[in-house]
Peer 1: 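One structure, pasted below without further comment.
The figures here come from the full heavy-atom set of this structure, side chains too, leaving out hydrogens, waters and symmetry mates.
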Amino acid sequence: MHMRSFATTLVSLRIAGGLVLALLCIPLLVPGSSPGEDWLFVGVQFDKVMVIDCQRDEVVDEIRLRHRIPVDMIVSPDKKYLYVVTHQKQSLEVIDIGKRRVMESIELSDGQRERRIFGLAAHPDGKRLYLHVKTTVRLLDELTIEPPRIVVLDLTTKERRTLTEVPEGISRLVISRDGQRLYTLGRDILTIDTVSEKVIDRRPLYTRLPDGSKLVDVFHIYGFEDQSGIYSVPYYAQAGDQPRFGLLLLDTVSKRLQFVNMGEPVPMFSTVVAPDHRYAYGVLHEVVKMDLVRRRIVRRTPHDRIHYTLNISSDGRKLYVAGAGPEVDVFDAQSLRLLTSIPLPGDVADAYLRLITLP
Amino acid sequence: MTHRPLMTKSLLDGLKLVVVLLICAGVLGLTHDHGDQAKVPAVLTKCAVCHRPDERGRLSRIAFQRKTPEGWQQTVRRMIRLHGLSISVDEAKAVVKYLSDHQGLAPAEVRPITYDLERRDIIERIPDEAVRLACVRCHSFARIAAQRRTVAEWRKLKTFHLAVFPTLVYQMRQIDWPAMADRAIAYLAEHYPFDTAAWRRWPKKAEIAGRWMIVGHQPGRGDFFGDMDIRPLGEDQFQTHQRVVFVDGQRMERTGRAIVYAGFAWRGSSQAPEGQKIKEVLHLSEDGQTFVGRWFQAAHDQIGADVTLYRKTHQMLILGLSVRSLRAPTSGKRVTIYGTNFSPALAPEDIDFGPGIVVRRIEHLRPDELTVVLDVRADAPDRERHVRIGKASSHARVAVYHRIDYITVVPPLGLARLGGIKMPKQHQQFEALAFTNGPDGLPKTRDDVALGPVSAKWSLAEDTTDPNDDDVKFVGTIDQSGLFTPATDGPNPARRKSNNNTGQVWVVATYTPEGARQPLTARAKLIVTVPRFIEWEIR
């Protein structure tokens with residue numbers, strides 16, 4: 001109900017916004033020459049990863065998982081493997097992208113301990129994964145927990161060891177392109193030096209932002225840095241009685257953390273930064289295009305489906321958007337027009353859309 | 001066990017005996033490190049598989065908590081659902097009964113949260129900010145305040161929630177949940193301790209069987225009176241027969257059954273031959289003389305009645321009247337008095353309605369019902385008074401007024417939930433109440449006199465929260481008894497963006513008092529929201 005009246009108040013704003021947009025005649029994207037072919041991987045209920053050829057925007061294959069409900073997915077640095085979290089986050093399945101099948105499944109739980117993966121990242125050396133693991137301990141007459149921890153998984157030996165314990169509330173791990181810094185994203189951002197394996201910085205997020213507003217919510221749920229190298233999620237802040245929103249950007253190349261204020265709030269569940277770093281896109285009830293340089297929304301189209309997540313093609317021209325239904329919607333990144341809807345054989349399990357560009 | 005006899009016998013015999021004794025001890029669980037199984041109450045045997053007894057036979061976890069029957073039922077259900085406890089329905093009921101009797105709450109401990117047990121939708125008062133922030137998001141505060149635990153057991157709730165809901169911290173990301181939960185739990189441990197004088201002193205036994213007199217009020221329908229026979233049916237179990245008459249003359253009879261927990265917590269259900277199943281949640285007062293609570297439809301708990309039961313004795317007792325207020329001046333007004341043991345010898349002058357009211361005659365007299373004809377003089381003061389017959393105790397009150405000055409709608413903020421497809425609809429009953437301004441002549445001040453419910457005309461109006469607001473067309477309908485029935489749940493293609501039929505509207509009551517030219521109006525806010533997908537025993 002709140003959302004709806006919110007959306008209608010924005011109708012008037014949208015008209016004004018349209019005017020500004022026409023006057024601005026914003027510089028168009030310079031279409032980049034694609035370095036290869038894009039492939040989209042999406043987890044589908046109950047036990048599949050669908051392979052979508054982005055040249056044709058069609059499903060070309062499906063990969064059967066060993067367990068149900070794929071919820072999180074990352075790509076190996078050499079783009080040969082997909083690591084998919086399944087089985088209520090208790091298993092990690094390794095997909096050979098070339099062979100399009102599951103090679104092995106690493107089970108985390110044993111005995112009375114249920115271990116669940118809440119966020120993972122691959123070191124660029126291709127030898128290790130970092131997992132954020134939460135453990136439930138099942139005693140005879142009590143259910144309890146162990147402190148959450150960052151675990152290093154050696155991909156050769158499959159051995160796991162604890163790197164450090166971390167506070168509750170971390171939902172994503174992001175690693176710098178050079179592999180030297182691992183960021184844990186939750187109520188705080190911890191920076192871990194992957195060489196010394198020490199926590200070298202702890203930045204509380206729920207405080208005042210550089211512009212004086214007070215942060216009230218960050219949606220660390222889906223954030224994809226695959227194409228741009230910039231991890232981004234929407235945040236909501238309050239400046240006096242003025243609600244604000246913007247994007248939290250974590251640049252995995254420059255290692256810079258930035259809050260880009262976008263003005264009056266538009267409800268968004270997740271965002272993605274375009275490869276050119278000029279624009280970003282967000283989704284929920286609408287598909288929204290934001291200019292990161294001018295710090296404003298430049299275009300928005302309402303949509304009758306609710307979308308939770310999106311990814312962008314390597315040339316920045318197409319948006320792949322998913323909700324909880326059995327399809328991936330493809331939008332033109334320039335006009336935000338719906339180009340096509342790619343039907344899937346089941347509902348999107350958890351909206352992780354990994355887009356890989358293969359030579 | 002003494003070792004001396006073994007020394008005097010042959011070594012072999014002695015060893016045999018030791019072995020036998022050890023085996024017995026092992027089988028019976030008598031060895032010290034396994035606690036004292038023999039002291040475990042038989043009904044809890046199945047629990048003891050996982051909950052080990054200590055040397056006093058106290059089962060781990062279980063022995064250190066107290067809660068309402070609903071609370072115990074919920075815990076046992078979770079043992080079945082999450083931990084594979086296999087138990088029959090009858091066994092489970094016996095466990096809940098045993099634990100509610102032996103580790104329940106005392107009347108004074110239940111009183112602050114009866115609204116929740118009685119299924120009243122009210123806005124809770126939460127005494128602690130940390131508790132509000134950390135705990136009252138997924139369930140009510142009452143559900144927590146309906147428990148008493150040792151400090152260790154309160155603390156275990158934090159890790160329990162983190163273990164069962166690994167995503168809780170993400171849902172609650174706007175606060176530092178683990179730290180806030182620590183503060184909340186410190187508060188709870190201090191204010192809701194396991195060991196209290198109230199519980200230790202509570203005798204947990206009361207005589208309940210017999211005849212009870214009923215006084216009730218069903219919003220939207222009116223006051224009713226009657227009696228209930230309660231007959232024993234086994235330990236703390238009862239069979240009931242109720243007869244009531246509404247002030248509009250309608251009569252109703254129901255039969256039912258009930259269980260009484262901890263000597264005072266009545267949980268019953270009853271049904272008229274072709275009627276709805278009614279649930280009864282009542283609590284007996286410490287003096288054992290009155291039950292107070294609510295009856296509600298099992299399927300729609302928003303529809304129900306406030307009920308008080310008084311124990312019937314040989315004494316005359318006045319329960320109430322067919323009216324809540326009388327207009328001055330009036331002459332020849334018929335008023336029925338409900339009660340019990342009315343003497344056939346009663347005369348008009350025995351009946352006292354207070355200053356300014358004269359009982360002219362008794363028109364009709366039965367032991368439980370008596371109709372009088374009375375006059376209200378123009379000089380009768382505007383106020384509420386007790387109606388008395390001699391020295392008999394009386395619960396009957398009536399207010400006198402010269403003019404109805406305003407009406408109000410209760411509740412001032414209603415909540416209904418869409419339903420009918422995935423979940424049952426949650427209705428909201430409204431009621432219009434009349435008032436006169438009282439001596440100061442000003443409305444809504446302390447000295448105003450409440451005149452009781454009036455039969456208003458009901459309608460809905462838009463509560464405009466944005467220029468295109470059209471909720472009123474979709475949320476549902478209100479009938480002339482003030483009962484709001486929400487629309488169906490799920491997306492509505494006829495609505496913008498196929499929204500649900502949710503919304504926010506005004507409920508408007510219009511009433512023209514006798515002799516007045518202008519109608520009086522009043523309104524209440526109504527929020528119509530999505531179904532509650534999980535219905536807890538205690539919300």
Side-chain angles (χ1 to χ4, degrees), chain A residues 1-12 71 88-90 113-119 133-148 167-172 185-188 204-206 214-221 235-236 238 285-286 302-306, chain B residues 47-53 59-62 64 78-79 82-83 152-153 155-179 181 463-471 475 491 493 495-504 527-530:
Chain A
M1 197 172 62
H2 171 75
M3 286 290 195
R4 195 168 54 75
S5 34
F6 188 44
T8 27
T9 19
L10 287 167
V11 172
S12 44
V71 289
Q88 296 172 321
K89 302 185 196 257
Q90 297 176 72
R113 281 182 172 66
E114 282 171 12
R115 301 191 182 87
R116 295 192 167 81
I117 303 171
F118 283 81
V133 175
K134 304 212 321 178
T135 308
T136 307
V137 187
R138 202 172 249 289
L139 305 174
L140 199 54
D141 62 355
E142 188 177 352
L143 284 180
T144 184
I145 55 159
E146 282 175 355
E168 277 286 350
I170 289 165
S171 55
R172 316 259 356 118
L185 306 169
R187 281 185 55 83
D188 300 346
L205 274 187
Y206 285 74
K214 196 165 179 330
L215 196 137
V216 291
D217 203 357
V218 192
F219 273 52
H220 285 305
I221 301 165
Y235 72 79
Y236 293 85
Q238 196 73 31
H285 301 289
E286 307 180 45
H303 205 268
D304 53 11
R305 267 208 274 277
I306 291 182
Chain B
C47 315
V49 176
C50 302
H51 296 277
R52 307 302 301 164
L59 296 183
S60 75
R61 311 296 313 274
I62 301 173
F64 307 95
R78 191 170 68 249
M79 297 305 118
L82 290 190
H83 310 310
E153 283 299 323
R155 291 205 178 125
K156 284 192 161 81
L157 278 173
K158 177 186 173 187
T159 45
F160 164 75
H161 280 76
L162 287 170
V164 177
F165 313 107
T167 58
L168 177 152
V169 280
Y170 307 118
Q171 286 169 39
M172 311 279 285
R173 63 191 174 275
Q174 295 179 342
I175 57 170
D176 181 353
W177 194 83
D463 178 8
T464 310
T465 50
D466 76 64
N468 302 316
D469 220 342
D470 58 358
D471 298 342
V475 291
R495 265 200 117 164
R496 264 180 299 137
K497 290 188 178 178
S498 285
N499 265 313
N500 276 271
N501 291 320
T502 54
Q504 186 170 314
I527 291 171
V528 183
T529 183
V530 292

Peer 1: Starting from the C-alpha separation in whole Å, work towards a yes-or-no answer on side chain to side chain contact (heavy atoms under 4.5 Å, CB included) for B:K156 and A:T144.
Peer 2: CA-CA 8 Å; B:K156 284 192 161 81; A:T144 184; over 6 Å; no

Peer 1: State the CG-CZ distance between A:L139 and B:R61, to the nearest 0.5 angstrom.
Peer 2: 9.5 Å

Peer 1: Of all residues at least two apart in sequence or in a different chain, which pass the ring pair (Phe, Tyr, Trp, His ring centres under 6.0 Å) check with B:H51?
Peer 2: none

Peer 1: What residue in A:I145, A:T136, A:V137 has the most heavy-atom pairs under 4.5 Å with chain B?
Peer 2: A:I145

Peer 1: Step through the shown structure and confirm whether more than 12 heavy atoms of other residues, nucleotides or ligands are within 6.0 Å of CZ on B:R155.
Peer 2: no

Peer 1: Heavy-atom pairs under 4.5 Å with chain A - which of B:I62, B:T159, B:L82, B:T529 has more of them than the others?
Peer 2: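 Most heavy-atom pairs under 4.5 Å with chain A: B:T159.
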
Peer 1: When the side chains of residues 163-177 of chain B are checked against the rest of the protein, which donor-acceptor pairs come out under 3.5 Å, sequence neighbours left out?
Peer 2:
residue	atom	partner	partner atom	Å
B:Y170	OH	A:I170	O	2.4
B:R173	NE	A:D217	OD1	2.5
B:R173	NE	A:V218	O	3.3
B:R173	NH1	B:Y170	O	2.9
B:R173	NH2	A:D217	OD1	3.3
B:R173	NH2	A:D217	OD2	3.0
B:Q174	NE2	A:V216	O	3.4
B:Q174	NE2	A:D217	OD2	2.9
B:W177	NE1	B:A134	O	2.8

Peer 1: With a 4.5 angstrom heavy-atom cut-off, is it the side chain or the backbone of A:E142 that approaches chain B, or both, or neither?
Peer 2: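 The answer is both parts of A:E142.
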
Peer 1: Would you give the length of the straight line joining atom SG of B:C50 to atom CG of A:D141, rounded to the nearest 0.5 angstrom?
Peer 2: 7.5 Å

